[in-house]
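Working notes, structure below.
As a basis for the values below, the full set of heavy atoms in this structure was taken, side chains included, without hydrogen atoms, waters or symmetry mates.
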Amino acid sequence: MADSKSTFYLVEPDIFLFTECLHFLDRDYDDCLYSIEDDRVIKPLLIDGVQTLFKITDASDRLKIELLAGEPSKAIVEEAARYVTDWFDLERNLHPFYQLLENHDPLSYMAAKYYGLRLMRIPDLFEALCWCVVGQQINLTFAHKLKRQLVETYGTFITYESKRHYFFPEAEVLAGLAVDDLKELQFSRQKAEYIIGIAKDVADGSLKKQELVAYDETQKMLKRLKKIRGVGDWTANYVLMKSLGRTDCITHGDTGLQSAVSQILGLDRKPTRKEVETFFEPFAGWESYLNMYLWRTLS
DNA sequence: CCCCAGGGCCATA
DNA sequence: TATGGCCATGGG
């Protein structure tokens, strides 16, 4: 294959800064589904059952995506482009959000300080749901440890330069597990039951991302998601913003969010749900982005 | 030892 | 509808 076929570019939108997006991905945690070194991301993608590996770098006004492993068919390049576009939320016009941000009293500093940060998404619905269940109630360090155990035990991987790059486990695989299989990985009984249940729904086709998208309204999507055992208010909102890219979601109950809002309001306690809603009011339609920028203040 | 982490279910009233 | 116990583990 000609080398040119294995590299493609995506035009960067206005208000985009690759390093700022990478900073959010990197933070202090050890994520097992991508690796970041210097100013590049290495991301394995399973596309129609084909194992691929991409390197993403910044080329001034474009994102450069190089295929490191896997045949560069047209379909694979298209899927990879789709994935990266969603991952970095490249299709979003952030001007309206920045307008609100710049005119907001205590938060206007964010427009410059976090300039170009995008809602870093988890395009895969199953992965997003599982990540939520894993992260429920526990600290993020332990959550990443649990995720790594899950991925390295039940996921497949591609080897590149003697390093393993893992794909998130298939729903069909996790659907066949017993609760005790996950308890061995330090999952609580509830988390194990939730994840296996969600895996079964996805594996048998009763839960599809397309179904959610078709609802068109955030409230209907939330209602559908909350029917799933293990999915409450926090998870439903998290999944809608991170997987479906809804911009009007607030991760109610999120301790990180509460901590950020508490600091900004100068409270010595966690804010009530009402106080959080009031705080978000000026950002109607852009709650998810404010949510993201508030998380950013924590790291 | 305590409490709390990017929650949610379930029992109880 | 609202509240409290519970879950697994690690860090402060």
TODO: Could you please name the option among B:dC10, B:dG8, C:dG10 that lies closest to any side-chain atom of A:Thr235?
DONE: B:dG8
TODO: Give the nucleotide from the list B:dC9, C:dG10, B:dG8 with an atom nearest to the side chain of A:Arg229.
DONE: B:dC9
- [ ] Quote, to the nearest angstrom, the P distance that separates C:dG4 from B:dC3.
- [x] 15 Å
Open item on the list: By the 4.0 Å heavy-atom rule, please label A:Ile138 as base, sugar-phosphate, or nothing.
Closed with: base
Task: Length of the line joining A:Leu257:CG and B:dC4:C1', which is rounded to integer Å - done: 17 Å
Task: Side chains of A:Lys64 and A:Asp58 in contact at under 4.5 Å (non-hydrogen atoms) - done: no
Open item on the list: From CD of A:Gln258 over to P of B:dC4, roughly how many Å is that when rounded to an integer?
Closed with: 12 Å
- [ ] For the residue pair A:Lys208 and A:Val213, establish whether any side-chain heavy-atom pair is separated by less than 4.5 Å.
- [x] no
Open item on the list: Using a 4.0 Å heavy-atom cut-off, does A:Val133 contact any base of the nucleic acid, only the sugar-phosphate backbone, or nothing at all?
Closed with: nothing
Open item on the list: Distance check needed: B:dA5 C1' versus A:Tyr29 OH, whole Å only.
Closed with: 9 Å
TODO: Examine C:dC6: is either OP1 or OP2 under 4.0 Å from a nitrogen or oxygen in the side chain of A:Ser188? Give yes or no.
DONE: no
Task: Check: A:Ser243 side chain, A:Ala128 main-chain N or O, donor-acceptor pair, under 3.5 Å - done: no
Task: Spacing of A:Trp295 atom CH2 relative to B:dA5 atom P, expressed in whole Å - done: 15 Å
TODO: Round to a whole Å and report the spacing from CG of A:Leu146 to P of C:dC7.
DONE: 17 Å
Task: DNA chain B: 5'-proximal contact among A:Phe24 and A:Lys226 (nearest heavy atom) - done: A:Phe24
Open item on the list: Once you apply a heavy-atom cut-off of 4.0 Å, does A:Ile228 come out as touching a base, just sugar-phosphate, or nothing?
Closed with: sugar-phosphate
- [ ] Answer with yes or no whether A:Gln190 presents, from its side chain, a donor or acceptor under 3.5 Å of a partner atom in the base of C:dC7.
- [x] yes
Open item on the list: Classify A:Ser259 by what it touches in the nucleic acid, base, sugar-phosphate, or nothing, heavy-atom distance under 4.0 Å.
Closed with: nothing
Open item on the list: Rounding to an integer number of Å, can you tell me how far A:Gln137 CD sits from B:dC3 P?
Closed with: 14 Å
TODO: Rounded off to whole Å, could you give me the CG-to-P distance for the A:Leu129 and B:dG8 pair?
DONE: 11 Å
TODO: Figure out the OH/C1' separation between A:Tyr194 and B:dC10, and round it to whole Å.
DONE: 9 Å
Open item on the list: Within this structure, what is the CD1-CG distance for the pair A:Ile250 and A:Asn237, rounded to the nearest 0.5 Å?
Closed with: 7.5 Å
- [ ] Would you classify A:Thr141 as touching base, sugar-phosphate or nothing, given that sugar-phosphate means primed atoms plus P, OP1 and OP2, and contacts are heavy atoms under 4.0 Å?
- [x] nothing
Open item on the list: Going by purine N1 to pyrimidine N3 plus the second Watson-Crick contact, or the G-U wobble pair, all under 3.5 Å, which nucleotide sits opposite C:dG10?
Closed with: B:dC4
TODO: Examine A:Phe283 together with A:Tyr289 and report whether their ring centres are nearer than 6.0 Å.
DONE: no
- [ ] Provide the closest heavy-atom pair for A:Leu33 versus A:Lys43 in the form atom of the first, atom of the second, distance.
- [x] O-NZ, 3.0 Å
Open item on the list: Considering every strand and a 4.0 Å limit on heavy-atom distances, what is the contact class for A:Lys191: base, sugar-phosphate, or nothing?
Closed with: nothing
Task: Span that lies between the P atom of C:dG5 and that of B:dC2, in whole angstrom - done: 14 Å
